[in-house]
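Just below is one structure, and these are the notes that go with it.
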Amino acid sequence: MAFKFGLESVLKHRKRLEDVAQREFVQAQADVDAALGRLEKMYQRLDEVRIEISGKETSGGREAIANICELELFLRGHKVRIESVRLEARELLAIAETKQEALIHAATEKKVLVKLREKRLAEHRLVLERMEAKIQDDQAMMARAWGKR
């Protein structure tokens with residue numbers, strides 16, 4: 001007698017849902033990582049410009065002053081862009097957290113069915129063992145009965 005789990009199709013469906021949630025979480029995490037990478041590069045560029053301004057301040061001259069003004073203007077605009085990317089990163093992080101919660105929920109739902117399946121399989125094996133023991137007892141009884149004749 002073969003074991004057949006009545007909720008196998010539900011288990012497969014939940015496994016697919018877990019796989020989808022896993023892919024969505026991985027993608028959301030990759031988006032967060034990309035935004036943080038862009039943010040880090042922007043901060044590096046900010047530092048480079050500040051060093052450039054510092055170098056021009058020591059050299060002096062009219063050209064240097066005009067160049068410093070342009071770089072200061074760039075810094076102000078760059079800070080606005082950095083803030084925009086920071087907000088985007090926060091939003092992406094919130095999305096990733098939501099996707100992670102969905103993944104945890106999907107994994108839990110699947111795990112419940114896996115445990116139920118394991119429990120039913122153990123019950124099935126116990127029934128089979130009892131049936132085999134009964135058959136062996138019947139065979140032993142038959143053998144004794146034949147031996148007494």
Residues which pass salt bridge (Lys or Arg N to Asp or Glu O under 4.0 Å) with R125, listed by chain and number, not counting sequence neighbours: none
Mind checking what makes side chain to side chain contact (heavy atoms under 4.5 Å, CB included) contact with D33, not counting sequence neighbours? Q29
Suppose the criterion is ring pair (Phe, Tyr, Trp, His ring centres under 6.0 Å): which pairs have a residue in residues 30-53, not counting sequence neighbours? none
Who pairs with K110 by salt bridge (Lys or Arg N to Asp or Glu O under 4.0 Å), at least two apart in sequence or on another chain? E18
Side-chain heavy atoms nearer than 4.5 Å, only ILVMFWY residues, links allowed to pass through others: does that put V127 and L121 together? no
Linking I/L/V/M/F/W/Y whenever any side-chain heavy atoms sit under 4.5 Å apart, do L92 and V26 land together? no
Whether the side chain of T98 engages the backbone of A94 through a donor-acceptor N/O pair (distance < 3.5 Å, no angle test) should be reported. yes
With a 3.5 Å cut-off and sequence neighbours excluded, list the donor-acceptor pairs that the side chains of residues 64-72 form with protein atoms.
none

Can you name the residues that form a salt bridge (Lys or Arg N to Asp or Glu O under 4.0 Å) with R45, not counting sequence neighbours? E48
Write out all pairs satisfying salt bridge (Lys or Arg N to Asp or Glu O under 4.0 Å) with one or both partners inside residues 22-32, taking only residues at least two apart or from two chains. E24-K99
Please walk me through it: do K115 and K119 pass side-chain contact (heavy atoms from CB on, under 4.5 Å)? CA-CA 6 Å; K115 284 187 176 186; K119 181 180 174 187; over 6 Å; no
Considering only Ile, Leu, Val, Met, Phe, Trp and Tyr, and joining two whenever side-chain heavy atoms are under 4.5 Å apart, list the other residues clustered with L87. none
With sequence neighbours left out, the residues meeting salt bridge (Lys or Arg N to Asp or Glu O under 4.0 Å) with E83 are R86
About how many Å separate CG of L17 and CD of E109, when rounded to the nearest 0.5 Å? 9.5 Å
How far apart are the closest heavy atoms of A21 and L103, and which atoms are they? CB-CA, 3.7 Å
Using a 3.5 Å distance criterion without hydrogens, assess whether the side chain of S54 forms a donor-acceptor pair with backbone atoms of R50. no
To the nearest 0.5 Å, what is the distance between NE2 on H78 and CE on M42? 4.5 Å
Roughly how far, to the nearest 0.5 Å, is the CD1 atom of I82 from the CG atom of L46? 4.5 Å
If you measure from CD on E118 to NZ on K111, what distance do you get to the nearest 0.5 Å? 9.5 Å
What distance separates H124 NE2 from F3 CZ, expressed to the nearest 0.5 Å? 7.0 Å
CD/Q139 to CZ/R144 distance, rounded to the nearest 0.5 angstrom? 12.5 Å
Apply side-chain contact (heavy atoms from CB on, under 4.5 Å) to residues E40 and L36 and explain how you reach the verdict. CA-CA 6 Å; E40 187 174 330; L36 292 177; over 6 Å; no
Carefully, step by step, assess I53 and L75 under the rule side-chain contact (heavy atoms from CB on, under 4.5 Å). CA-CA 10 Å; I53 289 173; L75 283 179; 3.5 Å; yes
List the residues meeting side chain to side chain contact (heavy atoms under 4.5 Å, CB included) with E91, not counting sequence neighbours, and say none if there are none. none
Run the side chain to side chain contact (heavy atoms under 4.5 Å, CB included) test against R130 and tell me which residues pass, sequence neighbours left out. L126
Test E88 against R38 for salt bridge (charged side-chain N to carboxylate O under 4.0 Å, His left out), laying out the working first. CA-CA 11 Å; E88 178 188 352; R38 284 194 321 269; 2.8 Å; yes
With sequence neighbours left out, write down each residue that passes side chain to side chain contact (heavy atoms under 4.5 Å, CB included) with E8, or none if nothing qualifies. F5, L11, K12, R117
Are the side chains of V112 and L116 in touch, meaning some heavy atoms are under 4.5 Å apart? no
